[in-house]
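Only one structure is covered here, and it is reproduced in the block below.
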Amino acid sequence: MDTILLDSSGNGLQRAAELIRNGSVVGIPTETVYGLGADACNEAAVRAIFAAKGRPADNPLIVHLPDFSQVTRYTESVPELAYRLAERFCPGPLTMVLPKNSRIPYVTSGGLDTVGIRVPSHPAMHRIIELSGTVIAAPSANRSGYPSPTSAEHVMRDMNGKIAAVVDGGQSELGVESTVISFDNDSTVRILRPGCVTREMLLDICPEVIIDRAILNELAEGEKAASPGMKYKHYSPKADIIMVEASAVAFAGFAAEHGGDGIYFLIFSGDEGNFPCRCLTYGKDSTEQAHLLFERLRELDDIGAERVYVRAPEKDGVGLAVYNRLIRAAGFEVIRI
Ligand code: TXA
Ligand code: MG
């Protein structure tokens with residue numbers, strides 16, 4: 001199959017929507033990361049997403065709606081709290097796990113009775129959903145286990161020959177995937193995956209916000225995952241990633257002792273001045289780090305890094321999302337200095 005590159009002009013978006021309507025898989029831009037989109041209600045099309053990614057069948061896909069008011073078409077029930085969250089955060093990088101109805105096939109939900117619902121804000125993506133006349137199931141457009149793509153070029157590299165087309169909507173604005181939440185009860189939400197809608201932002205609206213243990217801790221043998229995605233190794237480039245919690249000065253000292261062939265250091269922007277070893281920077285604050293992280297992980301593979309020590313980000317705000325991706329890429333290996 002030849003994968004065509006479409007631009008985000010009217011014609012490109014029309015063509016993408018047409019392909020999706022006809023059951024094809026298309027790489028599509030969103031404000032978080034690029035997705036692999038197909039008609040969420042078409043089982044064969046959804047199977048083709050799993051095949052292109054090499055994704056385990058029990059890992060559910062997020063369903064993207066043009067507008068939150070459509071939620072009742074695809075779900076059994078919606079808590080009042082979900083509507084209040086939608087008022088603030090939809091469209092945007094928030095996915096809510098809700099009980100699905102029969103319009104969403106089990107292939108899409110990975111066999112679960114729930115479905116993740118998101119209303120993306122990227123204008124091209126919004127237009128594609130509208131033009132397709134359906135709702136779009138889309139996981140991140142990387143091959144399974146690899147860092148998520150934040151540009152059309154990343155998607156092409158992972159998916160060329162495996163999908164019908166990729167829509168170029170520019171560099172992803174946020175750079176990490178959406179915040180995924182479920183509802184424990186009428187007043188409590190549980191964060192299953194942290195993202196740019198932070199715990200602090202959710203607390204503006206929700207009386208209680210729980211950070212699921214699996215966000216920062218490896219699942220114990222036999223422990224049930226609140227979200228299937230928690231079970232799998234993720235976000236890993238070919239290089240070995242090792243996280244180091246340290247101040248800028250302590251990290252430079254650590255580098256001086258641990259540098260060598262094939263070894264790189266991923267540091268905060270602004271700390272490169274007297275850094276003793278080969279390094280790349282990934283931003284000076286959590287928002288920049290979220291924006292750049294996946295691109296840098298891919299770049300490190302391109303330059304042939306074999307081992308990468310990363311200076312760990314802060315764990316609050318958007319930093320929790322960055323920390324979560326890194327600790328999974330590192331297989332939960334963290335050095336604390
Ligand atoms: O920003 C995003 O969310 C991107 C863009 C394309 O929208 N999508 C994305 O999809 O990151 P994916 O499939 O790579 O990650 C979705 C995560 C997985 O870890 C999955 O296990 C979890 O959300 N998830 C999806 N549906 C769920 C459900 N019904 N219950 C629990 N977890 C769910
Ligand atoms: Mg993913």
Side-chain angles (χ1 to χ4, degrees), residues 13-14 16-28 30 32 35-53 55-87 89-122 124-141 163-164 167 177-183 186 189-190 192-193 226-229:
L13 303 183
Q14 277 285 1
E18 212 172 274
L19 285 164
I20 287 172
R21 240 192 344 263
N22 294 331
S24 296
V25 179
V26 179
I28 44 184
T30 87
T32 55
L36 276 188
D39 182 347
C41 304
N42 176 337
E43 294 191 20
V46 171
R47 282 207 182 84
I49 297 179
F50 281 89
K53 255 187 95 92
R55 179 174 174 117
D58 70 347
N59 197 0
L61 306 183
I62 293 171
V63 173
H64 299 74
L65 311 186
D67 190 296
F68 195 74
S69 65
Q70 284 206 18
V71 69
T72 50
R73 260 183 79 77
Y74 302 94
T75 55
E76 278 299 330
S77 60
V78 183
E80 206 267 322
L81 184 55
Y83 286 106
R84 280 193 278 135
L85 287 166
E87 246 174 65
F89 300 115
C90 296
L94 180 66
T95 297
M96 299 190 228
V97 173
L98 296 167
K100 76 170 197 73
N101 71 15
S102 59
R103 282 206 177 88
I104 301 295
Y106 279 106
V107 190
T108 306
S109 71
L112 299 177
D113 290 319
T114 54
V115 60
I117 296 285
R118 168 158 125 76
V119 182
S121 67
H122 193 295
M125 172 66 171
H126 183 257
R127 191 76 187 126
I128 294 168
I129 308 175
E130 267 187 343
L131 291 169
S132 73
T134 183
V135 289
I136 296 183
S140 51
I163 60 175
V167 177
E177 308 88 340
S178 62
T179 306
V180 179
I181 60 166
S182 63
F183 296 85
D186 290 346
V189 304
R190 174 178 297 272
L192 303 179
R193 180 177 70 185
S227 171

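Start at 1 with the first residue, then count along the sequence.
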Taking C-beta and beyond as the side chain, do [X] and [Y] meet within less than 4.5 Å on heavy atoms?
X: Leu112; Y: Tyr106; answer: no
X: Ile49; Y: Pro139; answer: yes
X: Leu85; Y: Met96; answer: yes
X: Ile129; Y: Pro120; answer: yes
X: Tyr74; Y: Cys41; answer: yes
X: Pro228; Y: Pro60; answer: yes

Do side-chain atoms of [X] reach the backbone of [Y] as a donor and acceptor pair under 3.5 angstrom?
X: Arg21; Y: Leu131; result: yes
X: His64; Y: Ile136; result: yes
X: Thr75; Y: Val78; result: no
X: Arg55; Y: Asn59; result: yes
X: Arg118; Y: Ser178; result: no
X: Lys53; Y: Ser140; result: yes
X: Thr179; Y: Leu94; result: no
X: Asp186; Y: Pro79; result: no

Go through Glu87 and Arg84 one step at a time and tell me if the salt bridge (Lys or Arg N to Asp or Glu O under 4.0 Å) criterion holds.
CA-CA 5 Å; Glu87 246 174 65; Arg84 280 193 278 135; over 6 Å; no
Quick one, Thr30 with Thr32, criterion side chain to side chain donor-acceptor pair (under 3.5 Å). Give me CA distance, side-chain angles, the key distance, then yes/no.
CA-CA 5 Å; Thr30 87; Thr32 55; 2.8 Å; yes
Where [X] and [Y] come nearest, the two heavy atoms and their spacing:
X: Leu36; Y: Gly27; value: CD2-CA, 4.4 Å
X: Ala17; Y: Ser132; value: CB-N, 3.6 Å
X: Ala48; Y: Val25; value: CB-CG2, 3.7 Å
X: Val167; Y: Ile128; value: CG2-CD1, 4.1 Å
X: Ala82; Y: Phe183; value: CB-CZ, 3.6 Å
X: Glu43; Y: Pro105; value: CG-CB, 3.6 Å

Begin with the C-alpha distance, continue with both residues' side-chain angles, and end with the deciding distance and a verdict on side chain to side chain contact (heavy atoms under 4.5 Å, CB included) for Leu98 and Thr114.
CA-CA 5 Å; Leu98 296 167; Thr114 54; over 6 Å; no
With Leu61, which of Val107, Val115, Val46, Ile104 fulfils side-chain contact (heavy atoms from CB on, under 4.5 Å)?
Val46
Under the criterion side chain to side chain donor-acceptor pair (under 3.5 Å), I'd like the reasoning laid out for Thr95 against Arg193: C-alpha separation, chi angles, the key distance, then a yes or no.
CA-CA 9 Å; Thr95 297; Arg193 180 177 70 185; 5.1 Å; no
Which is it for Ser69 and Asp67 under the side chain to side chain donor-acceptor pair (under 3.5 Å) test, yes or no, and what are the steps along the way?
CA-CA 5 Å; Ser69 65; Asp67 190 296; 2.9 Å; yes
